[in-house]
K.L.:
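Just passing along the structure, written as C-alpha cells.
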Amino acid sequence: MGAADPPAWIVLGRSGDDVVAAGLDATGRETDRRRIAASGFAEWIAGEESSSSPRWVWNDTPQWYGGLLDHGVRVARCHDLRLSHAILRGSALVQPDAAVRGSVGWDAVPYVEPDALAPVLFDLEDSGPSAGTPSDVDSALAEFARQRLAIADSSDPGRLRLLIAAESAGALIAVEMRAAGLPWDAAEHDRILTEMLGGRRSGGGQPELLAAAAARVRAALGDPAASLDSQPKLLRALHRVGVLVESTSRWELAEQRHPVIEPLLEYKKLSRLLSANGWSWLDEWVQDGRFRPVFVPGGVVTGRWASSGGGALQLPRQLREAVRADPGWRLVVADVAQLEPRVLAAMSGDHALAGAARGRDLYAGIVDSGAVATRQEAKIALLGAMYGATTGESGRLVPRLRRAYPRAMGLVDDAARIGEDGGLVSTWLGRTSPPPSAEWSVAQSRATEAEASGADETRARRWARDRGRFTRNFVVQGTAAEWALAWMADLRARLSAVEPVPAARAAHRSGPVFERRAHLAFFLHDEVIVHAPAEHAESAAQAVTDAAATAGRILFGDFPIDFPLDVRVAGTALKD
DNA sequence: TGTATCGGCGCG
DNA sequence: AAAGCGCGCCGATACA
C-alpha cells in the first residue's frame, strides 16, 4: 500500500493458500490489491498496522484474528462483516429495500470449534468447509459496499456507525480474552470443592459430604433407595411423606416445613456444584492456569454476548476465589451499579429518573424522591417495570413508578405495546428486535376471526403479552449491551496505550500480545476483569473508570446520567 | 445408540 | 422468596 495514500480500510479474503488484501481509500474506492502467502501474512499485517493503522475488514473475526494473536500481532480496529450484516439486515433504521437485506450467504452462522482459534488461516491443511460466510475477497468487498451504502442511506448513519464499530471492537475483544485467558488457580478451586463437597472419592463414588447429604435426605424420606436425581421419582417420594409440592424447584421446596427440606436443599446445592463446576469441569476447562471460554459477541438477540462451552457466563460466585492474578500481577474487578435503569433514564430523557440515579445507589434515589417507601420496593418495582411484571408486589408497585417517572415508564410501556401488536422495536443505536414468527402472526389473525374459539383467543392474547414483555425488555437490555460494548472498546484502547512492563515481569501464560500488558480477561454483561501488572493496576483501574464516563458520553452525549462503578484492585476476583 | 426435550439452576 | 427479561449447561427422560 502506498505510503502517500494510506488505505482507510483493508479488506481481506482468502484465495487458495494465499490471502488477498484490497486497500480502499476513504471514499471506498479500491486503490490497491495484493496477494500474500499465508506464511508471511501475520508479519505483513503487523507492518500495515504500524504504518497506516487501517480498519481491517474481514468476514469473521475469530477466523482471522485468533491466528494473528498467536503470532503476536494485535490490531486496533476491524469491521466484522458477519456481525455487521446481522445488525443491518434487521435494523429498522435501514431502508426496507436496502441491498444488504438480500445478501446471499451472509446469514450463515459459522461453526467455531472451541479448541481451534484460527483453524483456517495458519493451518491450511486442516481447513475444512466449516466457514459459514464467503471468504473470498470479492464477496467481502461486495458485502462491505452494501453495508456502507445501507448505513449511509439509513435514517441515522451516525448511530449505526457507532453500533457497528462497537460490535466489531467486541469481536476483537472476545478473541483476545480467549487468547489471554482468565487466570485460574486450580489448587484453590480444588480446595473449595473439597471444603464444600468433601474429599474426592476414587472409583466414581460421590464425595463425602454430598453422600452424607444424600443419606440424610433418604433417612427423612424413610426410603434408603430413594432416587434424588430423577425429578419424577423425587416428586413421588416427597408426596409419599406428605410434602405436597408441584415441582422440586428450590423456591417451592423452601416454602415447605418438613425434615427432608433442609438436607434436600443442601444436596441439590452440592450436586449442582459438582456437576456444573466440579473436578471434571476443572480438568476440561482450566489448562496451565487459565480458563479460556469461548465468548460469542452478538450471541443474544438483544446484542448481549453469549458463550459456548465452559459456562463462562454462569460461573458461580462461590468460585470467584479461584480467579487469582499471576505473581506480581493484580486483578481489577469492576461492575456498573444498576446499569439497565440508568440506560433507561438516559434513552428516555427522563430527568427525574436520571436525578434519582445521581450518585451510587439509584434505588435509594428513588426512595428519596418519595415514589416508594423502601429500597427493596424501589428495586422490585423498577425490575418489574423493565421486565413487565403484572402480578404480586412488583405489579402492584409499578404504577407508582409510572407517576413518578412517566417518560422512562412510557418508553418501556410503548415498547411493550408495539411488541404486542407485532411491531418492531430498536435499541438506542439501532439494533432491532426480530419480527414475530409466522406461527405467532397466524395465531393473532386467527383470534380475530368470527369463528375463533375461546382457546384461540386466550392463546393469542397470552402470546401477545409474552412478546410485549420481550420487546419491553429488548430496548433496555439491548441498549445496556451497547453501553457495555462502548465501555470495553474504550477501555481496550486505553489499556493498549500503557507501556508494557519488562519481559522479566511477563505473564507467560497469557499469549504473546498480553503477557507484558494490562488486558481484559473477563466480561459479564456489566462487569469486567482486567489482569494487570501490579505497578499498572491503579492506572488500569483509572482507565476502567474513565472508559465508563466516555461510554456514557458516546451514547448519550451531554444528558446528565451517571454510570458509577464498583472498582476493586486485588489478587483475587472474590467479591467482598 | 443417538437426538430432542424438560426441569432445574447458575449468571446478569 | 418469586415475580417479570435474557442466556448455557447438566442429568434424566422420551423417542426415533
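Proteins get letters first, then strands, A, B, ... in listed order; numbering begins at 1 in each. Just so it is clear, the values below take in all heavy atoms, side chains as well, and ignore hydrogens, waters and symmetry mates.
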K.L.:
Between atom CZ in Phe291(A) and atom P in dG8(C), what is the gap in whole Å?
P.N.:
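Between P of dG8(C) and CZ of Phe291(A): 14 Å.
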K.L.:
For Ala345(A), is there any backbone N or O sitting under 3.5 Å from a side-chain donor or acceptor partner on Ser348(A)?
P.N.:
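The answer is yes, because a donor-acceptor pair under 3.5 Å joins these two groups.
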K.L.:
Have a look at Lys268(A) and say if it touches a base, only the backbone sugar-phosphate, or nothing, with a 4.0 Å heavy-atom cut-off.
P.N.:
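Here Lys268(A) touches the backbone only, sparing every base.
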K.L.:
Just to be sure I understand the rule, does Ser394(A) reach a base, reach only the sugar-phosphate, or reach nothing, if contact means heavy atoms closer than 4.0 Å?
P.N.:
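If one applies the 4.0 Å heavy-atom cut-off, Ser394(A) turns out to touch a base.
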K.L.:
Please state how far atom CZ in Arg462(A) lies from atom C1' in dG4(C), giving the value in whole angstrom units.
P.N.:
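Value for this atom pair: 16 Å.
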K.L.:
Is atom NZ of Lys268(A) surrounded by more than 12 heavy atoms (other residues, nucleotides or ligands) closer than 6.0 Å?
P.N.:
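Counting neighbours around NZ of Lys268(A), more than 12 heavy atoms of other residues, nucleotides or ligands fall under 6.0 Å, so yes.
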K.L.:
Touch check for Leu273(A), heavy atoms < 4.0 angstrom, all strands: base, sugar-phosphate only, or nothing?
P.N.:
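Here Leu273(A) touches no strand at all.
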K.L.:
When you check the gap from the basic side-chain N to the acidic O, do Asp283(A) and Arg200(A) get nearer than 4.0 Å?
P.N.:
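Judged by the 4.0 Å cut-off on N to carboxylate O distance, Asp283(A) and Arg200(A) do form a salt bridge.
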K.L.:
Go through it in stages, so that I can follow the logic: the residues are Glu340(A) and Arg304(A), the test is salt bridge (Lys or Arg N to Asp or Glu O under 4.0 Å), and I'd like the CA-CA distance, side-chain angles, deciding distance and then a yes or no.
P.N.:
CA-CA 13 Å; Glu340(A) 291 190 357; Arg304(A) 272 190 174 181; 3.4 Å; yes
K.L.:
Would you say Arg342(A)'s side chain and Asp562(A)'s backbone share a donor-acceptor pair under 3.5 angstrom?
P.N.:
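Between the backbone of Asp562(A) and the side chain of Arg342(A) there is a qualifying donor-acceptor contact (under 3.5 Å).
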K.L.:
Counting distance only, does the side-chain N/O of His531(A) pair as donor-acceptor with the main-chain N or O of Val332(A) below 3.5 Å?
P.N.:
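A pair under 3.5 Å: no.
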K.L.:
Could you state the interatomic distance from CG (Leu235(A)) to OG1 (Thr248(A)), rounded to the nearest 0.5 Å?
P.N.:
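So the gap between those two atoms works out to 6.5 Å.
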K.L.:
Which part of the nucleic acid, if any, lies within reach of Gly311(A) when heavy atoms closer than 4.0 Å are counted: base, sugar-phosphate only, or nothing?
P.N.:
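Counting heavy atoms under 4.0 Å across all strands, the contact made by Gly311(A) is with sugar-phosphate only.
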K.L.:
Any idea if dG8(B) is syn or anti, going by the 90°-from-0 cut?
P.N.:
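Chi for dG8(B) falls in the anti range.
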K.L.:
Rounded off to whole Å, could you give me the CG-to-P distance for the Leu383(A) and dC5(C) pair?
P.N.:
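Nearest whole value for this atom pair: 12 Å.
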K.L.:
For the pair made of CZ in Arg469(A) and P in dG6(C), what is the distance, rounded to whole Å?
P.N.:
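In whole Å, dG6(C) P lies 8 Å from Arg469(A) CZ.
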K.L.:
Rounded to whole Å, how long is the line connecting atom CG of Leu313(A) with atom P of dC11(B)?
P.N.:
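These atoms are roughly 12 Å apart.
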K.L.:
Among residues 402-419 of chain A, which contact DNA chain C at a heavy-atom distance under 4.0 Å?
P.N.:
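Of all residues in residues 402-419 of chain A, none places a heavy atom under 4.0 Å from DNA chain C.
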K.L.:
Kindly state whether the ring of Trp281(A) and the ring of Phe291(A) have centres lying under 6.0 angstrom apart.
P.N.:
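Here the rings of Phe291(A) and Trp281(A) have centres that are less than 6.0 Å from each other.
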K.L.:
Verify the ring-centre separation between Trp428(A) and Phe556(A): is it less than 6.0 angstrom?
P.N.:
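So the answer is yes for these two rings.
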K.L.:
So what is the 5' to 3' dot-bracket string for DNA chain C, if pairs are Watson-Crick or G-U wobble with both distances under 3.5 Å, crossing pairs use [ ] and | means the partner sits on another strand?
P.N.:
....||||||||||||
K.L.:
Are Arg431(A) and Glu167(A) ion-paired here, with the side-chain N under 4.0 Å from a carboxylate O?
P.N.:
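Salt bridge: yes.
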K.L.:
Run the salt-bridge test on Arg461(A) and Glu420(A) with the 4.0 Å N-O cut-off and return the result as yes or no.
P.N.:
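Result for this pair is yes, salt bridge flagged.
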K.L.:
Under 6.0 Å from the ring centre and within 45 degrees of the ring axis: does the NZ or CZ of Arg459(A) meet both conditions for the six-membered ring of Trp463(A)?
P.N.:
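Yes - Arg459(A) lies over the ring of Trp463(A), closer than 6.0 Å to its centre and within 45° of its axis.
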K.L.:
Determine, stepwise, if the pair Ser426(A) / Thr432(A) fulfils side-chain hydrogen bond (donor to acceptor under 3.5 Å, both in side chains).
P.N.:
CA-CA 4 Å; Ser426(A) 297; Thr432(A) 298; 2.7 Å; yes
K.L.:
Could you tell me the separation between the CG atom of Leu319(A) and the C1' atom of dC9(B), rounded to a whole number of Å?
P.N.:
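Between C1' of dC9(B) and CG of Leu319(A): 14 Å.
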K.L.:
Nearest nucleotide by nearest heavy atom, which residue falls closer to the 5' end of DNA chain C, Gly388(A) or Gln314(A)?
P.N.:
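This one resolves to Gly388(A).
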K.L.:
Figure out the CD/P separation between Gln477(A) and dG6(C), and round it to whole Å.
P.N.:
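Nearest whole value for this atom pair: 8 Å.
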K.L.:
Looking at Asp566(A) and Arg360(A), is any side-chain nitrogen of the basic one under 4.0 Å from a carboxylate oxygen of the acidic one?
P.N.:
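Judged by the 4.0 Å cut-off on N to carboxylate O distance, Arg360(A) and Asp566(A) do form a salt bridge.
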K.L.:
Might you list the N or O atoms of the protein lying below 3.5 Å from N or O atoms in nucleotides 10-16 of chain C, with each pair's distance?
P.N.:
{"from": "dT13(C)", "atom 1": "OP1", "to": "Ser230(A)", "atom 2": "OG", "distance (Å)": "2.5"}

K.L.:
At a heavy-atom distance below 4.0 Å, what parts of residues 422-435 of chain A sit against DNA chain B?
P.N.:
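Listed by number, there are none.
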K.L.:
Could you check whether Ser369(A) and Tyr405(A), counting side-chain N and O atoms only, form a donor-acceptor pair closer than 3.5 Å?
P.N.:
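Note: Tyr405(A) and Ser369(A) side chains meet the donor-acceptor criterion.
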K.L.:
So Gly299(A), base contact, sugar-phosphate only, or nothing? Heavy-atom distance under 4.0 Å.
P.N.:
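The residue Gly299(A) makes no contact with any strand.
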K.L.:
Tell me, which of residues 238-266 of chain A have any heavy atom that sits under 4.0 Å from an atom in DNA chain C?
P.N.:
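Here the set is Trp251(A).
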K.L.:
In this structure, which one of Leu172(A), Val528(A), Val544(A) forms a side-chain contact (heavy atoms from CB on, under 4.5 Å) with Met488(A)?
P.N.:
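Of all the options given, the one that passes is Val528(A).
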K.L.:
Holding to side chain to side chain contact (heavy atoms under 4.5 Å, CB included), I want the full list of residues that pass it with Gln287(A), two or more places apart in sequence or in another chain.
P.N.:
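Scan of Gln287(A) (side chain to side chain contact (heavy atoms under 4.5 Å, CB included), adjacent residues dropped) gives none.
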K.L.:
Calculate the interatomic distance between Arg304(A) atom CZ and dG6(C) atom P; express it in whole Å.
P.N.:
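About 10 Å, once rounded to whole Å.
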K.L.:
May I ask you to evaluate whether Ser308(A) reaches the phosphate of dG8(C), defined as a side-chain N or O under 4.0 Å from OP1 or OP2?
P.N.:
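Ser308(A) to dG8(C) OP1/OP2: no side-chain N or O under 4.0 Å.
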